Amino acid sequence: MSSESVEDELSAPSDFLSRMRHTTTHVMAQAVNEIFPDAKLGIGPVIENGFYYDFDLPRSLTPDDLEEIERRMTRIVKEDLKLNRFVEPREVARQRCENMGQSYKVQLIDDLPEGEEISFFQQGDFIDLCRGPHIESTGRIGAFKLMSVAGAYWRGSEKNPMLQRIYGTAFQKKSQLESYLEMLEEAKKRDHKVLGKQLGLFMNSSLIGPGLPLWLPNGAIVRRTLERFIQDVEIERGYEHVYTPVLAHKNLYEVSGHWEHYKDGMFPVMEIDGEEFVLRPMNCPHHIQIFKNELRSYRELPVRYAELGTMYRWEKSGELSGLSRVRAMTLSDAHIFCSEDQVKDEVKAAILMIEDAYRRLGITEYRYRLSLHDPKNTEKYVDNPELWSKAEGELREVFAELDMPYYEGVGEAAFYGPKIDIQLKNVLGREETVSTVQVDRHLPNQFELEFIGEDGKRHRPVMIHRGYLSTMERMISFLIEHYAGAFPVWLAPEQVRILSIADRHNEWCEALAKRMNALGLRVKVDARSEKTGKKIAEAQIRKIPYMLIVGDRDIENGTVSVRVREKGDIGPRPVDEFIADLKAEADARGLPDHPIASV
RNA sequence: GCCGACGUGGCUCAGUGGUAGAGCAGCUGUUUCGUAAACAGCAGGUCACCGGUUCGAAUCCGGUCGUCGGCUCCA
């Protein structure tokens with residue numbers, strides 16, 4: 001992280017927008033410096049949709065300060081100051097920063113590799129250590145806006161002092177800035193926390209506790225439907241399901257190594273009658289005990305145990321968020337026990353299974369990360385260089401053999417082994433880990449797992465940890481945002497709402513709903529004495545895929561007037577035909593082709 | 001956990017020291033209506049919690065809890 005930040009600070013991309021944003025961040029620093037002459041500067045890189053700069057200031061910034069800074073920035077832009085670049089020898093540069101009291105900049109210089117050119121940029125009186133590149137003058141900066149203030153640790157480490165980070169963005173044209181801000185507003189409406197409330201999917205109770213969400217009936221339908229899908233696919237693909245408890249002796253996790261490496265992520269020990277229990281933060285040790293329950297033959301392998309495993313992790317309070325970061329979660333987990341020569345095939349099969357699910361869910365924006373350990377961090381990772389290099393090499397081979405592109409993330413591995421993480425892009429363009437496949441030779445050692453080989457001798461199996469569709473919490477928070485709450489038919493809590501035109505149609509509507517319910521379709525009737533327009537508006541807000549409007553004409557002709565969520569009124573359809581089409585669409589368990597709407 | 005902001009009926013939000021408000025939702029009644037919100041009435045709030053300042057606190061101050069945006073961490 002620290003080396004990357006230095007990198008960010010000193011080598012911004014060179015296209016005009018990036019250079020302009022980089023210059024804007026300098027203008028911001030200049031403005032802050034005017035208000036706080038003693039401000040110490042951290043780093044000020046360009047990021048995906050803008051920029052930030054970190055400051056060490058005598059007091060914390062308020063929203064009013066941001067306005068003041070913006071005003072000063074506007075003035076600096078108007079002054080149209082030229083940016084001058086100059087280079088200095090290391091010692092001179094270092095002395096300059098020290099004289100300016102810029103201790104963080106001194107640290108940056110000290111960390112620059114030998115022989116690196118050390119450059120400064122100056123506009124007006126303001127001088128800043130920076131590699132650039134910049135635009136030629138502040139006057140060429142277009143529309144900008146400061147977005148927020150946040151605390152950020154110097155160099156990203158909790159051990160370092162916390163600086164104040166100001167986030168901002170800039171565009172060449174005002175209209176571009178405006179449409180970006182509009183886009184953020186739109187994204188807010190897709191926020192799963194907002195939609196979760198609006199659609200009655202989940203809630204939190206401060207009495208129950210933060211990070212412990214409660215699934216409301218509608219959310220429970222989405223979850224159950226997804227869980228059934230997961231289990232059905234797993235059965236098809238040769239997994240066996242098990243159920244294991246969420247508590248275990250602390251000792252289990254001492255053997256596994258979790259206690260040593262993962263203690264901070266666990267709820268504290270419960271002690272009773274001299275026994276120590278913990279809530280499990282992972283399911284693997286439980287599945288391992290099942291593997292060990294009998295003597296295994298190579299003929300049985302691979303053994304694949306799957307479970308929607310509920311677990312508890314002590315997430316720090318500031319990390320919690322809606323359904324995506326929680327303390328109680330259920331992972332679509334599985335552990336594959338196999339022989340050395342089965343590893344790569346099993347990893348590949350798991351990846352292909354995950355890709356197939358994404359296709360059905362309509363998820364296309366993702367990339368593979370090979371998550372490697374950090375050899376320098378022996379505290380976080382099991383210290384066994386041979387195992388690491390073997391497993392990491394193996395996963396690279398898998399990518400090569402599948403001909404799949406990927407990138408590597410050092411320091412992203414699990415404590416026991418490297419991972420293939422599938423990184424999804426969420427609505428805000430941020431990546432989150434959803435599915436994961438991990439190769440592990442550590443836990444089999446810890447628990448002394450064995451199977452009898454063809455040669456009659458004992459061999460150690462390899463374990464593959466496979467998180468299929470993440471935790472139900474994170475996956476569904478992702479899907480809510482991905483679909484903007486408009487779930488495809490197979491996942492929609494309420495698939496159809498029947499709207500009666502007048503009270504006299506209610507009985508017929510109820511009978512129709514009953515008939516569809518009997519086929520496993522989720523149908524409700526809006527039998528209130530409200531105007532049709534109002535019933536439509538409400539069903540639309542609830543994002544129900546189909547509305548069936550029923551009045552005299554329909555009852556007479558045996559039709560329903562179909563209104564499709566995305567398309568509006570598509571006119572009357574024979575009842576039997578609609579039901580058959582809907583049933584087919586729901587059973588397909590995939591993105592809708594909209595057979596009904598396509599007519 | 002750290003930095004910052006915020007917390008007012010079920011929901012969305014007004015209200016900056018002087019008797020707690022609106023819209024939607026809810027309930028009751030009227031309306032029976034064909035593709036995005038009929039009309040009227042009623043009810044609903046220890047202004048997150050605890051303490052302080054003040055003749056008087058939703059409003060000012062302190063603390064606690066919770067939420068949000070970041071940092072760190074992560075499925």
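Bear in mind that the values here come from a model prediction, so they are computed numbers and not experimental data. Values below: every heavy atom of this structure, side chains too, minus hydrogens, waters and symmetry copies. Proteins come first, then strands; the chains are lettered A, B, ... in the order of their sequence lines, and each starts at number 1.
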Check residues 195-205 of chain A and write down every donor-acceptor pair under 3.5 Å in which the side-chain atom is one partner and the other belongs to a residue at least two apart or another chain.
residue  : atom : partner  : partner atom : Å
A:Ser205 : OG   : A:Leu207 : N            : 3.2
A:Ser205 : OG   : A:Ile208 : N            : 3.1

For the base of [N], is there a side-chain donor-acceptor partner from [X] under 3.5 Å away?
X	N	value
A:Tyr153	B:G70	no
A:Ser470	B:A75	no
A:Arg325	B:C73	yes
A:Glu315	B:A75	yes

From [atom1] of [X] over to [atom2] of [N], roughly how many Å is that when rounded to an integer?
X	N	atom1	atom2	answer
A:Ile166	B:C71	CD1	P	15 Å
A:His505	B:U35	NE2	P	14 Å
A:Lys189	B:U12	NZ	C1'	14 Å
A:Gln423	B:A75	CD	C1'	11 Å
A:Arg528	B:C27	CZ	P	10 Å
A:Asp264	B:C74	CG	C1'	13 Å

What's the gap between [N] and [M] when it is taken at their [atom1] atoms, as a whole Å value?
N	M	atom1	result
B:U30	B:U35	C1'	24 Å
B:U53	B:G69	P	37 Å
B:G9	B:U59	P	14 Å
B:G34	B:G45	P	39 Å
B:A48	B:A22	C1'	22 Å
B:C61	B:A5	P	11 Å
B:G63	B:G10	P	29 Å
B:C50	B:U46	C1'	13 Å

Exercise. Are the side chains of A:Met472 and A:Ile230 in touch, meaning some heavy atoms are under 4.5 Å apart?
Worked result: yes
Problem set entry | Test applied, side chain to side chain donor-acceptor pair (under 3.5 Å); reference residue, A:Ser500; option that passes from A:Asn506, A:Asp526, A:Thr532 | A:Asn506
Side chain of [X]: nearest nucleotide among [options]?
X	options	result
A:Ser529	B:U31, B:G1, B:A75	B:U31
A:Ser561	B:G34, B:C71, B:U12	B:G34
A:Thr532	B:G70, B:C33, B:C71	B:C33
A:Arg474	B:G70, B:A37, B:A75	B:A75
A:Asp191	B:C71, B:A37, B:G69	B:G69
A:Ser60	B:C71, B:U35, B:C3	B:C3
A:Asp569	B:G69, B:U35, B:G1	B:U35
A:Met162	B:G34, B:G70, B:U72	B:G70
A:Lys534	B:G1, B:A25, B:U32	B:A25
A:Arg504	B:C33, B:G69, B:C74	B:C33

For this session: Using the closest heavy atom to pick a nucleotide of RNA chain B for each, name whichever of A:Arg369 or A:Ser157 lands nearer the 5' end.
Result: A:Ser157
Exercise. Starting at the 5' end of RNA chain B, which residue's closest nucleotide do you reach first, A:Ser324 or A:Gly571?
Worked result: A:Gly571
If we ignore hydrogens and angles and just use 3.5 Å, is the side chain of [X] paired with the main-chain N or O of [Y] as donor and acceptor?
X	Y	value
A:Thr25	A:Tyr52	yes
A:Glu70	A:Leu146	yes
A:His373	A:Gly417	no
A:Lys535	A:Arg528	yes
A:Arg466	A:Ser332	yes

Please classify the nucleic acid contact of [X] as base, sugar-phosphate, or nothing, using heavy-atom distances under 4.0 Å.
X	answer
A:Glu319	base
A:Asp421	nothing
A:Glu530	base
A:Gly467	nothing
A:Asp333	nothing
A:Ala152	sugar-phosphate

[X] side chain N/O closer than 4.0 Å to the phosphate oxygens (OP1, OP2) of [N]?
X	N	result
A:Lys535	B:A38	no
A:Lys193	B:G69	yes
A:Lys531	B:A36	no
A:Lys159	B:C2	no

For this session: Measure the CD-CZ distance between A:Glu473 and A:Arg327 for me, rounded to the nearest 0.5 Å.
Result: 14.0 Å
For this session: Hunt down any stem RNA chain B takes part in, defined as 3 or more consecutive Watson-Crick or G-U pairs whose two distances are each under 3.5 Å.
Result: B:1-7 with B:65-71, B:10-13 with B:21-24, B:26-30 with B:38-42, B:48-52 with B:60-64
Exercise. Between A:Tyr167 and A:Phe51, does the ring centroid distance fall short of 6.0 Å?
Worked result: no
For this session: Run the numbers on A:Ser435 and A:Tyr358 for side-chain hydrogen bond (donor to acceptor under 3.5 Å, both in side chains), then give the verdict.
Result: CA-CA 10 Å; A:Ser435 305; A:Tyr358 286 1; 2.7 Å; yes
